[in-house]
Amino acid sequence: MAVTTNEGWNLDNSYQRLPGFFYSRVQPTPVEDPEVVMFNHSLATELGLDAASLKDSAGLFSGNRLPEGSLPIAQAYAGHQFGHFTMLGDGRAILFGEHITPDGRRVDIQLKGSGRTPYSRGGDGRAALGPMLREYLMSEAMYGLKIPTNRSLAVVTTGESVEREVAFPGAILTRVANSHLRVGTFQYARNWGEKEDLQKLADYAIDRHYPELKNESNKYVSFLKEVIRKQAALIAKWQLVGFIHGVMNTDNVTISGETIDYGPCAFMDTYDKRTVFSSIDVRGRYAYGNQPDIGGWDLSRFAESILILMDDDEEKALEAAQEAIKEYLSLYEENWLKGMRKKLGLFDEEEEDQELIHRLLDLMEQHQADYTNTFRSLTLDQFDKTMRLFQANAFKQWYEKWQARLSRQHETTDQARQLMKENNPSIIPRNYLVEEALEKAVSEDDYSVMEKLLKALSNPYAYSEEQEEYAILPPRPDEPYQTFCGT
Ligand code: AMP
Ligand code: MG
């Protein structure tokens with residue numbers, strides 16, 4: 001293991017103890033004139049890094065200089081992209097090492113946009129500033145929302161331009177993740193490796209993320225079940241805040257249960273299950289309302305890829321896998337329902353809660369109500385007259401039912417309101433706010449709007465005065481908004 005350097009790095013490279021077939025050694029391609037434009041002070045501190053010496057380390061965050069103990073690699077993986085299976089791999093990302101924090105956590109430190117790798121195919125290995133800032137903002141917002149996610153440590157501009165439809169300023173994002181093991185990593189091993197490779201990968205993943213399973217009699221079945229459990233919980237959390245990932249391809253589904261790969265993701269304004277923002281998702285495969293089912297589809301691909309580890313008897317393996325997969329939707333539903341009860345201030349459970357919840361959602365859909373602000377209004381018990389939903393008689397009837405339901409539980413109104421505040425964000429990174437912040441940063445080199453927005457989003461459950469301005473709806477919610485894959 002590497003010695004601790006003065007910046008606080010304590011790097012290891014456990015992934016490279018897997019067979020060489022899982023990665024390629026590759027150096028970041030130097031960039032001309034790097035400059036740090038975003039630096040996550042609190043994350044650096046949390047990781048035991050020396051924020052003061054890192055905050056201007058453009059050389060390091062650009063890959064021009066590597067810290068002690070770094071042995072950079074690009075990881076190989078495959079994936080189903082919009083249903084089509086293909087070989088992928090880090091085409092523009094480099095893992096410069098696994099940092100061990102002072103409290104013993106192991107996190108991948110990855111540079112995204114750091115140059116070509118053996119997996120780049122036709123791509124240039126580079127990234128544009130706008131999308132990297134967007135990823136930084138969205139991932140940190142998710143962290144603020146208390147949703148498992150990778151984090152963003154820094155963004156540097158490269159001083160070079162990247163050629164897309166037009167030329168954009170180039171940038172590199174430093175990401176921090178519990179790991180970058182994906183469903184796609186297992187698909188890669190299953191398709192192009194030996195059974196031994198697959199088993200080594202599974203053992204590695206268990207060791208890293210589910211060490212409590214190590215001594216189980218059938219640890220691979222338990223492993224599948226745990227990954228399913230984590231993803232069911234994660235996707236329920238997305239649904240509860242109206243987050244749309246946008247590209248739930250199997251290469252973007254983690255084994256750790258964290259959200260990764262913030263490309264065309266966005267938050268829904270108006271409640272509508274069909275909401276899609278991604279320009280390439282023309283059929284709505286990854287629409288808001290499809291996310292839970294697609295999660296199940298992705299996990300089935302995971303189950304298939306580790307099937308041969310689960311039992312020597314093919315029939316038995318299949319049976320175990322099917323049973324685990326069958327659990328997924330009910331686990332998802334359970335998580336979602338639990339979350340919804342909290343959003344409505346309910347501590348206990350009644351049979352009719354489902355009906356109460358679905359009735360509200362139906363009314364929201366019918367009256368094109370803003371998802372976040374509906375729950376925000378219920379939390380504050382303040383109802384904006386301009387929201388059509390709140391004028392509807394059907395809503396007033398629903399409200400009475402809800403009040404009656406609240407009065408049947410032991411907890412006080414204050415306790416219910418507190419629970420609601422903890423579960424209904426007062427603000428989300430609305431599309432127009434994100435665009436405004438990025439536009440200022442990219443076109444005017446003014447990062448103050450983005451910094452201010454990030455600060456407000458660091459605790460979206462605060463219901464503070466500074467957050468008021470961010471709760472205002474755009475003149476035309478959602479409609480014209482389109483997101484791109486961020487290449
Ligand atoms: P993503 O849409 O970011 O999940 O990327 C899908 C695949 O395309 C991954 O293998 C990426 O590494 C690769 N890729 C995306 N953009 C580029 C690029 N500019 N250069 C090389 N590879 C890329
Ligand atoms: Mg990806």
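Indexing begins at 1, ligand by ligand and atom by atom, following the structure's order. Note that the coordinates shown come from a computational prediction; the quantities given were computed from them, not determined experimentally.
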Check each atom of ligand 1 against the heavy atoms of Arg164 and keep those under 4.0 Å away; list them by number with element.
-> 19 (N)
Using a distance-only test with no angle check, is there a side-chain donor-acceptor pair under 3.5 angstrom linking Tyr204 and Ser14?
-> yes
What atoms in ligand 1 come closer than 4.0 Å to a heavy atom of Gln81?
-> 6 (C)
Asp251 heavy atoms, cut-off 4.0 Å: which ligand 1 atoms fall inside?
-> 4 (O)
With a cut-off of 4.0 Å, which atoms of ligand 1 are near a heavy atom of Gly125?
-> 18 (C), 19 (N), 20 (N), 21 (C)
Residue-atom pairs from the protein, N, O or S only, that lie under 2.8 Å from the Mg ion (ligand 2) = Asn252 OD1, Asp261 OD2
Using a cut-off of 6.0 Å, state whether more than 12 heavy atoms not belonging to Arg65 lie near its atom CZ.
-> yes
Ser448 versus Asp446, side-chain donor and acceptor atoms under 3.5 Å | yes
When you look for heavy atoms under 4.0 Å from ligand 1, do you find them on the side chain of Val247, its backbone, both, or neither?
-> neither
Mode of Asp124 contact toward ligand 1 - side chain, backbone, both, neither (heavy atoms, under 4.0 Å) | both
Which of the numbered atoms in ligand 1 are below 4.0 angstrom from a heavy atom of Tyr77?
-> 9 (C), 10 (O)
Please verify whether a non-hydrogen atom of Arg182 lies at under 4.0 Å from ligand 1.
-> no
Using a 4.0 Å heavy-atom cut-off, say whether Met87 meets ligand 1 through its side chain, its backbone, both or neither.
-> neither
Please list, chain by chain and in numerical order, all residues satisfying ring pair (Phe, Tyr, Trp, His ring centres under 6.0 Å) with Phe243, sequence neighbours excluded.
-> Trp238, Phe267
Between the side chains of Asn249 and Tyr286, is a donor N or O closer than 3.5 angstrom to an acceptor N or O?
-> yes
Side-chain donor or acceptor of Arg25 paired with backbone N/O of Ile73 under 3.5 Å | no
Residues Thr149 and Ser139: side-chain donor-acceptor under 3.5 angstrom = no
Derivation and outcome, side-chain hydrogen bond (donor to acceptor under 3.5 Å, both in side chains), residues His209 and Glu226 | CA-CA 10 Å; His209 297 299; Glu226 283 305 300; over 6 Å; no
What atoms in ligand 1 come closer than 4.0 Å to a heavy atom of Asn252?
-> 4 (O)
Tell me which part of Arg116 gets within contact of ligand 1: side chain, backbone, both or neither, using heavy atoms under 4.0 Å.
-> neither
Summary of ring pair (Phe, Tyr, Trp, His ring centres under 6.0 Å) pairs that have at least one residue in residues 97-155, sequence neighbours excluded = Trp9-His99
Any idea which atoms of ligand 1 are less than 4.0 Å away from a heavy-atom of Arg121?
-> 7 (C), 8 (O), 10 (O), 13 (C)
Ignoring angles and geometry beyond distance, decide whether Lys112 reaches within less than 3.5 Å of ligand 1 through its nitrogen or oxygen atoms.
-> no
Test of proximity, Asp90 against ligand 1: N or O pairs below 3.5 Å = no
Are any side-chain N or O atoms of Ser222 and backbone N or O atoms of Asn218, one a donor and one an acceptor, separated by less than 3.5 Å?
-> yes
Which of Gln239, His245, Lys273 passes side chain to side chain donor-acceptor pair (under 3.5 Å) with Gln291? Answer is Gln239
State whether the side chain of Arg208 and the backbone N or O of Asn178 hold a donor-acceptor pair below 3.5 Å, judged by distance alone.
-> yes
Answer yes or no: does an N/O atom from Arg92 fall short of 3.5 Å to an N/O atom of ligand 1?
-> yes
Could an N or O of ligand 1 be found under 3.5 Å from any N or O of Arg126, whether backbone or side chain?
-> yes
Whether Val162 lies under 4.0 Å from ligand 1, heavy atom | no
Residues forming a salt bridge (Lys or Arg N to Asp or Glu O under 4.0 Å) with Glu304, sequence neighbours excluded = Arg301
Could you tell me whether Tyr262 approaches ligand 1 through its side chain, its backbone, both or neither, with non-hydrogen atoms closer than 4.0 Å?
-> neither
Describe, in one word, how the ring planes of Phe186 and Phe223 are oriented to each other, choosing from parallel (under 30°), tilted (30 to 60°) and perpendicular (over 60°).
-> tilted
State the atoms of ligand 1, each with its element, that fall below the 4.0 Å cut-off from a heavy-atom position in Leu88.
-> 7 (C), 10 (O)
Closest heavy-atom pair, Gln231 versus Gly257, reported as atoms and distance to 0.1 Å, is NE2-CA, 3.8 Å
